[in-house]
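Heads up, the thing below is written out as structure tokens.
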2 protein chains.
Amino acid sequence: MDGGTGRNELRIDRERLWSTLEASARIGPGRAGGLRRLALDDADREMRDLFVSWCREAGLTVTVDGVGNICARRAGREPDLPPVAIGSHLDTQVAGGRYDGILGVLSGLEVLRRLDDLGIETRRPIELIDWSNEEGARFTPPMLASGAFAGVHALDWVLARKDDDGKSFGQELQRIGYAGDAPVGGRELDSYFELHIEQGPILEAEGVPLGIVTGGFATRGFNIDIRGENAHSGPTPMAKRRNALVGAGYLITAVNEIGWRFAESEGKATAARLEIWPNKAGIISDWAQLTCDFRHPDPKATAEMEAQLRAAIPEAAEKARVEIEIVEDWTFGAERFDPDCIALVRESAAELGVPTRDILSQAGHDAYHLSRICPTALLFTPCRDGITHNEAEHIELDYTAPGVDVLLNAVLKRADR
Amino acid sequence: MDGGTGRNELRIDRERLWSTLEASARIGPGRAGGLRRLALDDADREMRDLFVSWCREAGLTVTVDGVGNICARRAGREPDLPPVAIGSHLDTQVAGGRYDGILGVLSGLEVLRRLDDLGIETRRPIELIDWSNEEGARFTPPMLASGAFAGVHALDWVLARKDDDGKSFGQELQRIGYAGDAPVGGRELDSYFELHIEQGPILEAEGVPLGIVTGGFATRGFNIDIRGENAHSGPTPMAKRRNALVGAGYLITAVNEIGWRFAESEGKATAARLEIWPNKAGIISDWAQLTCDFRHPDPKATAEMEAQLRAAIPEAAEKARVEIEIVEDWTFGAERFDPDCIALVRESAAELGVPTRDILSQAGHDAYHLSRICPTALLFTPCRDGITHNEAEHIELDYTAPGVDVLLNAVLKRADR
């Protein structure tokens, strides 16, 4: 349905969007101009409190579910219809940027505020959702709470995840007052829209303000245990050593070299995180755990990267005389987004005169999990030099706002369907 | 001087020595039967308190210096003469054994108790010293407080060393009540004797109860910084990555391979410790620091190992596109022990009928620092399978006591000189 001339060409209040982004950037500021707002820390609580107050001021009904996802609902004319959802995340990396998932949540807020400005009522309700712990910087894996919502992770398992200090997700949720009583998922959504910075250099380089994500890089992640034996770092002969850190060293270089073998076709392999115990001068460490992942636009290539990892494991184990075993693994990014939702986005962009290009997502997003339970679209806006998960992350309002305008119009169309 | 028949063939009270070792083994017990008694932690305080009470019961005068070294002095007939010192350390590794440095301190206590039993007065005073933080497991470098005593490390620098939680050596010394007011070093010692488990398999394999250490493996240690750049672990192309953890991986494997090149001549290279920041899933780490060391009986070979490390650094840096720089380095083990002290040890062993062999030390010991300021001897007793810095560390009283008997007689000879 069309509300008359101009209803398909609505535009957001750019300055209001920018001022909410700036307000967010004052909560949990990092040392170098970015943000440090880890999931369920004090800064996350402060940001959640501000976000909830903004939602309430906008007349939205706020509920919090059992994994801390905050849902702000705008009523529709037919309240029993499944809602259209918009979402992303307000947490950041340990040295993260100001925009990342934050832009997506605050763009959603701007969409709802703009509908209010214009006195527009929609047929379906619209829900704006802040997903807990998307980054995975404090509690692994990433996209933890949207995974719980989509039924990918069991609730108990999520609540038991621990940070590096041994604090559990459930305890910390209680501590910050965001262990809500709403059920986690288990309800129908009409559709889900997420807007995110590209986290890559393509849109900026091509001068295109909007990327329509048609799918993701197929990603395989692994936690790999390396088991050796404690011994004095001095007298133990080379042939008797079983140093877990050395096993990790061979594995890290193997992961990196797999990445290079697939680099020409845009493959990537990352040795992201290494825990070691006891990791002290004077003693050979008996345990390490490496977190690594492999990404490629072609799922067959990702499978080949995984096969090369599995071949490298016994080689590294033999070189360091340790035992190496994959203890956890995960998959994302092979999801494909919904043709109808994508068509609505294309239509709105055309009506607004916003240039677009199709693009693949290289990073994980909450939208991946949501795409399992409802029709989903993911939109990208440019970020400078593709720099992200870095405090230097930067966007410009002028090349961001057109994408948010498209989000506004596409969501409105979908909510009126 | 000789106190008469038998004065050169004194023997310790074996059961008393063993019971003090067992009392020590109840303070800070590890999970697997060993000990976890890190320098200046609560267990270290409890052990220090017990040690001080034993010393006071034995009539010794206890003083504590500004870096927490505990000195228990037995008077001599000529109190102004420089004392003979016996020492070692009561701290352990994070998953350490029951004997390591502990045997050395408690053997010294047994020597002084035995002299009392026998009513023997010596010409020179004898001091028994527990050196703080020998292990370096909590505060690097190892042998920290004996280094301060010997003038190798400045007092302020020692007090400012931080553990992994950011607590300083000085703060923790205050907290446990062992920031004493005695000056740190700066006084003359006549000589220094240290008895230690071998931390290697040779004595046990050969059935020899006492090793006379004639020198050490020449050891070079390094802290090496690796600097990369934060970026998202997903979209960043391989060619743009500057992953500090990957740089560390290449460096670890290079260190290990240097060790193998010198393994036939007893060389060893250890990648002991790696710190990484931010070390999180989803982000490429921009900083890591590797602690590694190289040991060889021939100082020229150690120098060659160092040269190979220095050659490997630019290669690893280029492979990972990071910057790698040595930020701290240390040297020990090229010290040689004192011919006169060694001669006294040999003489006492011969008088007691205790078989000995000359041996090189592969690990660092407080005796290295002491050898810079006074004539020093280091004695080794066997340990099962050479296992050490491991909770399975094990000794037998029967093959340990002969070495302590030698210590008793050698110290007595020296104190009467």
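Here is the naming used below: chain letters follow the sequence lines, and residue numbers restart at 1 for every chain. Note that this is a predicted model, so its numbers are computed, not measured.
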Can you tell me which of A:Ala263, A:Gly136, A:Ala137 forms the most heavy-atom pairs within a distance under 4.5 Å of chain B? A:Ala137
Counting heavy-atom pairs under 4.5 angstrom with chain B, the leader among A:Gly364, A:Gly333, A:Gly259 is A:Gly259
For residues 380-389 of chain B against chain A, heavy atoms under 4.5 Å, the residues are B:Thr388, B:His389
Under 3.5 Å, sequence neighbours excluded: what are the donor-acceptor pairs made by side chains of residues 237-248 of chain A?
residue, atom, partner, partner atom, Å
A:Arg241, NE, A:Thr236, O, 2.8
A:Arg241, NH1, B:Ala269, O, 3.4
A:Arg241, NH1, B:Thr270, OG1, 2.6
A:Arg241, NH2, A:Ser233, O, 3.0
A:Arg241, NH2, A:Thr236, O, 3.0
A:Arg241, NH2, B:Thr270, OG1, 3.4
A:Arg242, NE, A:Arg321, O, 2.9
A:Arg242, NH2, A:Glu323, OE2, 3.1
A:Asn243, OD1, A:Leu245, N, 2.9
A:Asn243, ND2, B:Ala271, O, 3.0

Count the heavy-atom pairs under 4.5 Å between each of [options] and chain A, then report the option with the highest count.
options: B:Ile276, B:Asn230, B:Thr291; value: B:Asn230
options: B:Ala95, B:Pro278, B:Gly282; value: B:Gly282
options: B:Ile284, B:Thr219, B:Ile283; value: B:Ile283
options: B:Phe262, B:Phe217, B:Trp260; value: B:Trp260

Would you find a donor on one side and an acceptor on the other, under 3.5 Å apart, between the side chain of B:Asn279 and the backbone of A:Leu274? yes
Do any N or O atoms from the side chain of A:Asn390 and from the backbone of B:Ala231 form a donor-acceptor pair under 3.5 angstrom? no
A:Asp100 portion near chain B, given a 4.5 angstrom heavy-atom threshold: neither
Which pair of non-hydrogen atoms, one from A:Gly234 and one from B:Lys268, has the smallest distance, and what is that distance? O-CD, 3.2 Å
Which pair of heavy atoms, one from B:Ala281 and one from A:Ala272, lies closest together, and at what distance? CA-CB, 4.2 Å
Can you say whether [X] sits under 4.5 Å from chain A via the side chain, the backbone, both, or neither, judging by heavy atoms?
X: B:Asp164; answer: side chain
X: B:Glu135; answer: backbone
X: B:Asp286; answer: neither
X: B:Glu229; answer: side chain

Applying side chain to side chain contact (heavy atoms under 4.5 Å, CB included), name anything that partners A:Arg36, two or more places apart in sequence or on another chain. A:Leu38, A:Val94, B:Trp277
For chain B, which residues from residues 249-258 of chain A have at least one heavy atom closer than 4.5 Å to it? A:Gly249, A:Tyr250, A:Ile252, A:Thr253, A:Asn256, A:Glu257
A:Gln362 CD to B:His232 NE2 distance, which is reported to the nearest 0.5 Å: 9.5 Å
Is any side-chain N of the basic residue among B:Asp163 and A:Lys280 closer than 4.0 Å to the acidic one's carboxylate O? no
